[in-house]
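Here is the structure we will look at, set down as structure tokens.
Lettering of chains follows the sequences in order, A, B, ..., and the numbering in each one begins at 1.
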2 protein chains.
Amino acid sequence: MDKTNWKLLKLLEGNGRLTYAELGKLVHLTAPAVAERVRKLEESGVITGYSVQVNLEKVGIPITALVECQVYRTKEREFKALVMDLEEVIECYNVTGPYAFVLKVGVKSMSKLDALLERLIDLSDTNTMMIMTTPVKRIMPLNIAQED
Amino acid sequence: MDKTNWKLLKLLEGNGRLTYAELGKLVHLTAPAVAERVRKLEESGVITGYSVQVNLEKVGIPITALVECQVYRTKEREFKALVMDLEEVIECYNVTGPYAFVLKVGVKSMSKLDALLERLIDLSDTNTMMIMTTPVKRIMPLNIAQED
DNA sequence: ATTGAAATGCAGATGTT
DNA sequence: AACATCTGCATTTCAAT
């Protein structure tokens, strides 16, 4: 992980479809050299994939929320299975503390959110926070030291 | 937003670097037809960008946490400015409820996390949940109705 | 369908340990 | 000296009009 690889990751964070030729110009290397570096980053598991970024509002999901779930002790396995099956769940974090799980969910309407919470409430006590804005959204921290 | 566009979004969610030719094979269209659809999705703001996915552990960030911040009423503006400046913050959500902000942070060590919380605590009461696993991580819900 | 650009594979060169 | 990495070139595939 030298400085050039960090630059490549940061550039690909900003635009995951940059060509090797374009990346090469930005890091002062030729396209094959960049391709080789990126290939190694992929093979070593540093890069796990590439994805599109979507505006949820524009695809009919105007409501997103964080749902903390204090799962009943005997229902953890069942809860996890449910969450992985629920279509509205965008992210699920298994965390320390009384709220064992925090979900990020996206729904088309408040009634859909209500229906979703009804399903979760059988297995957990929930606390819902509606997301109003997202001032920061990154792929990784900015502070990663650039040592070799 | 017809079915084909949904398929394209889902395919690009899985691999944001698929070529138009590859996408075309998967949705039974020619490459130029796909390129035109993707261009329109970009222009209309449905697609907001493309990005790489990175394994944080492999880049030296073994610790991630969710930090709920109950910001002091007079310090909201200051808090927001701080959060947008903090390198460790990966995501920041402004939410309803007493915890006005929820952060996702990534750090190299627990002492770095401690230092980060020290900075936040001047402007808010915090509650930290260490992320153990992430059973679900998607770009959008799966349940988006495929109406035209 | 045609033109220009990009990706890929390979041989030779360079530089580092 | 050996290994890794870069360059330059040729071929194939892709993008764009």
Side-chain angles (χ1 to χ4, degrees), chain A residues 1-56 58-59 137-148, chain B residues 1-62 108 137-140 144 146 148:
Chain A
M1 285 306 300
D2 60 6
K3 277 195 178 181
T4 301
N5 278 1
W6 284 114
K7 274 192 201 169
L8 292 174
L9 284 185
K10 285 294 177 188
L11 290 167
L12 286 171
E13 177 181 3
N15 181 0
R17 281 180 78 94
L18 283 173
T19 66
Y20 299 135
E22 288 167 324
L23 288 168
K25 275 179 198 158
L26 295 165
V27 300
H28 307 297
L29 285 176
T30 60
V34 170
E36 179 64 8
R37 280 173 173 268
V38 172
R39 190 190 62 75
K40 283 182 182 168
L41 288 170
E42 290 166 354
E43 272 199 354
S44 65
V46 171
I47 291 178
T48 58
Y50 302 87
S51 190
V52 69
Q53 295 166 329
V54 172
N55 182 331
L56 289 184
K58 298 233 172 157
V59 294
K137 183 120 176 91
R138 281 196 272 268
I139 250 62
M140 55 183 167
L142 298 175
N143 63 334
I144 303 179
Q146 285 133 34
E147 72 263 8
D148 298 26
Chain B
M1 285 306 300
D2 60 6
K3 277 195 178 182
T4 300
N5 278 1
W6 283 113
K7 275 191 198 169
L8 292 174
L9 284 185
K10 285 293 177 187
L11 289 167
L12 286 170
E13 177 181 2
N15 181 359
R17 282 181 77 94
L18 284 172
T19 65
Y20 299 134
E22 288 166 324
L23 288 168
K25 276 180 197 159
L26 295 165
V27 301
H28 307 296
L29 287 175
T30 63
V34 170
E36 179 64 8
R37 279 173 174 269
V38 172
R39 190 190 62 74
K40 282 183 183 165
L41 287 170
E42 290 167 354
E43 276 198 352
S44 66
V46 171
I47 290 176
T48 58
Y50 302 87
S51 190
V52 69
Q53 295 166 329
V54 172
N55 182 331
L56 289 184
E57 286 187 15
K58 298 229 170 157
V59 293
I61 305 291
K108 298 173 104 70
K137 184 121 176 90
R138 281 196 271 270
I139 250 62
M140 54 184 167
I144 303 179
Q146 285 132 35
D148 301 22

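For the segment residues 8-19 of chain A, residues with any heavy atom less than 4.0 angstrom from an atom of DNA chain C are, sorted by number, A:T19. Of the residues in residues 37-52 of chain B, not one places a heavy atom less than 4.0 Å from an atom of DNA chain C.
When all heavy atoms are compared, the tightest approach of B:V34 to B:G24 is CG2-CA, 3.5 Å.
Of the residues near DNA chain D, B:Y20 and A:A31, the one whose nearest nucleotide (by heavy atom distance) lies more toward the 5' end is A:A31.
Residues in residues 20-29 of chain B take part in these side chain to side chain donor-acceptor pair (under 3.5 Å) pairs, two or more places apart or across chains: B:T19-B:E22. For residues 11-21 of chain B, every residue pair satisfying the salt bridge (Lys or Arg N to Asp or Glu O under 4.0 Å) rule, not counting sequence neighbours, is listed here: B:K10-B:E13. Applying the salt bridge (Lys or Arg N to Asp or Glu O under 4.0 Å) test to residues at least two apart or on different chains, the pairs with a partner in residues 41-52 of chain A are A:R39-A:E43. Residues in residues 45-56 of chain A take part in no salt bridge (Lys or Arg N to Asp or Glu O under 4.0 Å) pair, two or more places apart or across chains.
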When you check every protein heavy atom under 4.0 Å of nucleotides 9-17 of chain C, what one-letter string (B, S, -) results, 5' to 3'? B--------
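Separating the CG atom in A:L41 from the CG atom in B:N55 is a distance of 11.5 Å, to the nearest 0.5 Å. Note that CD1 of A:I47 is 8.0 Å distant from CG of A:L8, once rounded to the nearest 0.5 Å.
Scored by the side chain to side chain contact (heavy atoms under 4.5 Å, CB included) test, A:P32 finds A:T30 as partners (sequence neighbours excluded). Checked against side chain to side chain contact (heavy atoms under 4.5 Å, CB included), A:S44 has the following partners two or more places apart in sequence or in another chain: A:V46. A search for salt bridge (Lys or Arg N to Asp or Glu O under 4.0 Å) contacts involving B:K40 returns B:E36, not counting sequence neighbours.
Side-chain contact between B:K108 and B:I61: present, with at least one pair of heavy atoms (C-beta onward) separated by less than 4.5 Å.
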Would B:L9 and B:M1 count as a side-chain contact (heavy atoms from CB on, under 4.5 Å) if you check the C-alpha gap in whole Å, the side-chain angles of each, and the deciding distance to 0.1 Å? CA-CA 10 Å; B:L9 284 185; B:M1 285 306 300; 4.0 Å; yes
Working for side-chain contact (heavy atoms from CB on, under 4.5 Å), residues A:W6 and B:V59: CA-CA 9 Å; A:W6 284 114; B:V59 293; 3.5 Å; yes
Worked verdict on A:V27 versus A:R37 for side-chain contact (heavy atoms from CB on, under 4.5 Å): CA-CA 12 Å; A:V27 300; A:R37 280 173 173 268; over 6 Å; no
Apply side-chain contact (heavy atoms from CB on, under 4.5 Å) to the pair A:L23 and A:L12, showing each step before the final yes or no. CA-CA 9 Å; A:L23 288 168; A:L12 286 171; 4.0 Å; yes
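Helical stems in DNA chain C, defined as runs of 3 or more consecutive Watson-Crick or G-U wobble pairs with donor-acceptor distances under 3.5 Å: C:1-10 with D:8-17, C:12-17 with D:1-6.
When DNA chain D is scanned 5' to 3' for any atom under 4.0 Å from a heavy atom of chain B, the first and last hits are D:dC14 to D:dA16.
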